[in-house]
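Step one of this worksheet: look at the structure below.
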2 protein chains.
Amino acid sequence: MSSIKEVARVAGVSVGTVSNVLNRPDMVAPETRDRVLAAIAQLGYVRNGSARQLRAGRSRTIAVVALDLANPFFIDVLSGVEAAAQRDKLTVMVFNSSKDADREARLLEMLEEQRPLGVLITPVNDRGQRERLDRLVSRGIPVVLFDNSSRLSHGCAVAVDDVLGGRLAGLHLRERGHRRIAFAGGPFTVRQVEDRRDGLAGVLTADETLTVIPLPDLNVATGRTAGQKIAEMPPATRPTAVFCGNDLVALGVLQELTQRGLRVPDDVAILGYDDIDFAAAAAVPLSSIRQPREQLGHTATVMMLEEANQGSRHQHRHVIFQPELVERTSTAAMRTEPKAAEAAT
Amino acid sequence: MSSIKEVARVAGVSVGTVSNVLNRPDMVAPETRDRVLAAIAQLGYVRNGSARQLRAGRSRTIAVVALDLANPFFIDVLSGVEAAAQRDKLTVMVFNSSKDADREARLLEMLEEQRPLGVLITPVNDRGQRERLDRLVSRGIPVVLFDNSSRLSHGCAVAVDDVLGGRLAGLHLRERGHRRIAFAGGPFTVRQVEDRRDGLAGVLTADETLTVIPLPDLNVATGRTAGQKIAEMPPATRPTAVFCGNDLVALGVLQELTQRGLRVPDDVAILGYDDIDFAAAAAVPLSSIRQPREQLGHTATVMMLEEANQGSRHQHRHVIFQPELVERTSTAAMRTEPKAAEAAT
DNA sequence: CCCGCATTATGAAACGATTCAATCCGCCCG
DNA sequence: CGGGCGGATTGAATCGTTTCATAATGCGGG
């Protein structure tokens, strides 16, 4: 209700002085400052953010556009972002694109008008909002992608080497003696998923079989359908190990297999991706390919702030993290022969 | 970079006309409009949100301050909010207080400056930011609490009757023949948790025992410690059923019990709260007390918008939803005698 | 005793959009 | 032929800050 003008009037000073009290308190005389502060308290004055930002041209909030907040992976990334933002007293605001390209488009449009300090985003798909993102950048709003975006020519990005992740998965499962391996995941238009599968496929030799179980999405529900398909395969040809597109899928597969009487890892081993907290906490603790989730968010934020400060002198960078295997029970050494699968449901 | 003035110059019209093209397109002559639109396209002009909001005084975004984004419950509530917001083309921005009162305070401070259209919040604790919330309201920003806030005298709120939820839980477990029941949850400074426990305690009779396992927080990890405690109790006095403060705890309990060789529900039944998707998808599908999550968010948003439109003529309301029992396997009828618990660990 | 400097305070000019009273213009009708 | 009407357009005022050149004040030194 009350503006800086009111405060000035009540304190008997000019608006400039009030502004100084707010922004450079030590360039105003102590007693004047006290008078102004008293007026502020008396009126319950609060700065108007819009006016402030209009004048300043830049905001103090950074926007995160998450692909799917229902996936704990993004929540962890978010912690990293918040940690980095806290240092500079920046506010983090989160938007959820829910894997919906239209929604994403609307959000970006809004952000273009709002002009946050920077944007961190996992785009719904590769080409999608390419030009809209470019427009943000050309307006001086740094954009950092959480994305394996080596194919994108410009802009900063942080990512995890998903091909390597897939490879680690494959090597681990082979080493455990598995020869029939399944990959459960999709859609393959999502780069990460494609890469994980390709990494896995790349390390398999001729005498090993790879069964791909395509899924329309990566969540617990689709994981269960994958589990169902696996359980229904004849034991003689059933894969002895499943590498899942992410941990949600792995959880679904685990739950379905368990319910149908198949033992994990004895009958079927399961390997997830992301290493979310639920993975370690599952009924059978899940082995998983860990992504440095908080660090991903942290690094992206730092890069973004760098770009925001350096302005045009900024050099874009791509930081690629290495994933690592976390071994738990779900891929432990088998107690029975790999081939001797038991009857199920 | 380019403002409305540039556009006006390029199109050869006044700024007022450009503004009209943007806001009331049909009160400007078609050919003028086309000229303006062309200029806009040519310059890549985008409205400046801050200026817009400064002038308008009100924003088109609603702020949600979630208590804990890591709990899928809030993500579901969020969907409800987004659904309601979409109708009016409003943007939803999410903030995470992470159960941290300081963080919450900083967020509210920031929101006071930013002046969103409205605020939906689950406060960290009852008394906490009371006056800060009041200040928002007195500034004309409607605040709706997701909270059983019957004790709060003013402001709108939506909530679920947690005492009833606890009662439903108790009645169900008794009906299933359980006489030794545990409640796992905390902290009891959180109203919801307190109410759930009290509801449960209220329906138990003298010959039934209630063991409270206090937890510092409601998540999978604390759930596991609760599970551990239960597993280590002597079978003769061990509770035959656990009612958990929420589903995350229930998942933790389930996983720990399962790993220690106790069967669910035969040795110990488990009942959760919230009915998040993970509950139905657990290795042993969890019975749970369902809260209408999306509807909670939806209703809160509608109430908030109502208040935003009606202004001072608005009558605050408290909407209390009824929770309901969802029966699944984790509290199914026991195959063995309730007293005859098996050896564990 | 006066000048100049340091310290404070001032107020007008932005920032970019919206709004609204005023103006303009063409046309119809008396 | 002129008044009036209505649709289209204008441009100045406004929102609340921040900034910056300028002014005022006080004080010490030459």
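By convention in this document, chain letters (A, B, ...) are assigned in the order of the sequence lines, proteins followed by strands, and residues within each chain are numbered from 1. Only heavy atoms go into these numbers, but all of them, side chains included; no hydrogens, no water, no symmetry mates.
Using a distance-only test at 3.5 Å, with no hydrogens or angles considered, a donor-acceptor pair links the side chain of B:Thr299 to the main chain of B:Gln295. A donor-acceptor contact shorter than 3.5 Å links the side chain of B:Asp68 to the backbone of B:Ala70.
If you take CZ of B:Arg139 and P of D:dC15, they are 17 Å apart, rounded to a whole angstrom. A straight line from CD of B:Glu113 to P of D:dT17 spans 10 Å, rounded to a whole angstrom. As a whole-Å value, the separation of A:Asn48 CG from C:dG16 P is 16 Å. At whole-Å resolution of the value, CZ in A:Arg58 and C1' in D:dT19 are 16 Å apart. Per the geometry, CD belonging to B:Gln53 stands 11 Å off C1' belonging to D:dC15, to the nearest Å. The OH-P distance, from A:Tyr45 to D:dG16, rounds to 10 Å in whole Å. Atom CD of A:Glu112 is separated from atom P of C:dA17 by 13 Å (rounded to the nearest Å). Whole-Å rounding puts the A:Gln114 CD to C:dG16 C1' distance at 13 Å.
Using modelled atom types and a 3.5 Å distance limit, the side chains of A:Asp134 and A:Ser138 yield no donor-acceptor pair.
Only one option out of B:Arg35, B:Gln42, B:Lys5 pairs with B:Val10 in a side-chain contact (heavy atoms from CB on, under 4.5 Å); it is B:Gln42. The residue from A:Met93, A:Glu82, A:Met304 that alone fulfils the side-chain contact (heavy atoms from CB on, under 4.5 Å) condition with A:Ile62 is A:Met304.
Both B:Arg47 and A:Asn20 sit near DNA chain C, but only A:Asn20 has its closest nucleotide nearer the 5' end. Checking B:Arg35 against A:Val46, the closest nucleotide of DNA chain D that is more toward the 5' end is the one next to B:Arg35.
A heavy-atom distance below 4.0 Å to DNA chain C is reached by these residues of residues 2-15 of chain A, ordered by number: A:Val13, A:Ser14. At a non-hydrogen distance threshold of 4.0 Å, A:Val28, A:Ala29, A:Thr32 from residues 23-32 of chain A come into contact with DNA chain C.
Listed nucleotides: D:dT17, D:dT18, C:dT18. Nearest to the side chain of B:Arg52: C:dT18.
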Determine, step by step, whether A:Val77 and A:Glu294 satisfy the side chain to side chain contact (heavy atoms under 4.5 Å, CB included) criterion, reporting the C-alpha distance in whole Å, the side-chain angles of both residues, the deciding distance to 0.1 Å, and the verdict. CA-CA 5 Å; A:Val77 171; A:Glu294 283 90 353; over 6 Å; no

Carefully, step by step, assess B:Thr122 and B:Phe74 under the rule side chain to side chain contact (heavy atoms under 4.5 Å, CB included). CA-CA 10 Å; B:Thr122 303; B:Phe74 286 99; 3.5 Å; yes

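Between its two ends, the helix from C:dC1-D:dG30 to C:dG30-D:dC1 turns its axis by 70°, counting five pairs per end and rounding to 10 degrees.
A donor-acceptor contact under 3.5 Å is formed by the side chain of A:Arg55 with the base of D:dT18.
The side chain of A:Thr17 places an N or O atom within less than 4.0 Å of a non-bridging phosphate oxygen (OP1 or OP2) of C:dT10.
Here the side chains of B:Val94 and A:Asn96 are not in contact, with every heavy-atom distance at 4.5 Å or above.
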